[in-house]
Peer 1: 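To start, I am sharing the structure in question, which I have written as structure tokens.
Below, chain A is the first sequence line, B the second, and so on; all start at residue 1.
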Amino acid sequence: DGGITQSPKYLFRKEGQNVTLSCEQNLNHDAMYWYRQDPGQGLRLIYYSQIVNDFQKGDIAEGYSVSREKKESFPLTVTSAQKNPTAFYLCASRLTLGIGELFFGEGSRLTVL
Amino acid sequence: AQTVTQSQPEMSVQEAETVTLSCTYDTSESDYYLFWYKQPPSRQMILVIRQEAYKQQNATENRFSVNFQKAAKSFSLKISDSQLGDAAMYFCAYSDYGGATNKLIFGTGTLLAVQP
């Protein structure tokens, strides 16, 4: 079945540690996204990528980094510079630039202890 | 900048009744998409319905329909014959059509409860 797989589903991190959230898609979509969800704030865009080896900052990119070495994969690293990293993270993909809807993964819940 | 506003943080409906969720948006573009997404307790975002701004006809998907008022920049979702499984957070979202920013902008959501 085609879809988006995020892992891990739950992750605990100590302050000062970097963590990487995985996102893999087999939909053959060009565009991929990372959103952060906090209670009462909807979804906010962290980074997005339109093609391999290219990505753009979203609205809240500070403290995060990404890579896009393969079309299928778009991992997100939450660095120790992110001041409030506890949140729910959603990865999504889209067929191509500005066309159609986003398809979402099941999300990853990050908790900083 | 484009914005999306959902003014109803919570709504409640009786099973089998009809409920309407409101959404307004602001944009200077003429070509764009509007979406309603559902987020059940599992937290995966599921597309409910999509509307292209150039289409005058309101989109429908089974029990879900929209009232798209382009001039008023309003995009409400009507759920008919509500079922217990409809209980979820509903997000309205906007996207430029073919836009350079290539992103969806989400409202803050409406939590829908369905009473048996």
Peer 1: How about residues 82-90 of chain A versus chain B: which residues have heavy atoms under 4.5 Å apart?
Peer 2: A:Phe88, A:Leu90
Peer 1: Going hydrophobic residue to hydrophobic residue with side-chain gaps under 4.5 angstrom, can you get from B:Phe35 over to B:Val4?
Peer 2: no
Peer 1: Are A:Ile60 and A:Val66 connected into the same hydrophobic cluster when the rule is that any two of I, L, V, M, F, W, Y join if their side-chain heavy atoms are below 4.5 Å apart?
Peer 2: yes
Peer 1: Enumerate the residue pairs fulfilling side-chain hydrogen bond (donor to acceptor under 3.5 Å, both in side chains) with a member in residues 34-53 of chain B, sequence neighbours excluded, ordered by first and then second residue.
Peer 2: A:Gln37-B:Gln39, A:Gln37-B:Arg43, A:Glu101-B:Arg50, B:Arg50-B:Glu52
Peer 1: Working to the nearest 0.5 Å, report the span between CE of B:Met45 and CG of A:Leu102.
Peer 2: 9.0 Å
Peer 1: Using the side chain to side chain contact (heavy atoms under 4.5 Å, CB included) criterion, which residues pair with B:Ser7? Sequence neighbours excluded.
Peer 2: none
Peer 1: Decide if atom CG of A:Asp54 counts as having more than 12 heavy atoms of other residues, nucleotides or ligands within a radius under 6.0 Å.
Peer 2: yes
Peer 1: Does the side chain of B:Tyr33 reach to within under 4.5 Å of the side chain of A:Ile99, using non-hydrogen atoms?
Peer 2: yes
Peer 1: CG of B:Leu104 to OH of A:Tyr35: how many Å apart, nearest 0.5 Å?
Peer 2: 5.0 Å
Peer 1: For B:Lys78, look at atom NZ and say whether over 12 heavy atoms of other residues, nucleotides or ligands are found less than 6.0 Å away.
Peer 2: no
Peer 1: Taking disulfide (SG to SG under 2.5 Å) as the cut-off, I'd like each qualifying pair that reaches into residues 46-93 of chain B, sequence neighbours left out, listed once.
Peer 2: B:Cys23-B:Cys92
Peer 1: Please say yes or no: joined through hydrophobic side-chain contacts below 4.5 Å, possibly via intermediate residues, are B:Val48 and B:Met89 part of one cluster?
Peer 2: no
Peer 1: Return the CZ to CG distance between A:Phe104 and B:Leu47, rounded to the nearest 0.5 Å.
Peer 2: 9.5 Å
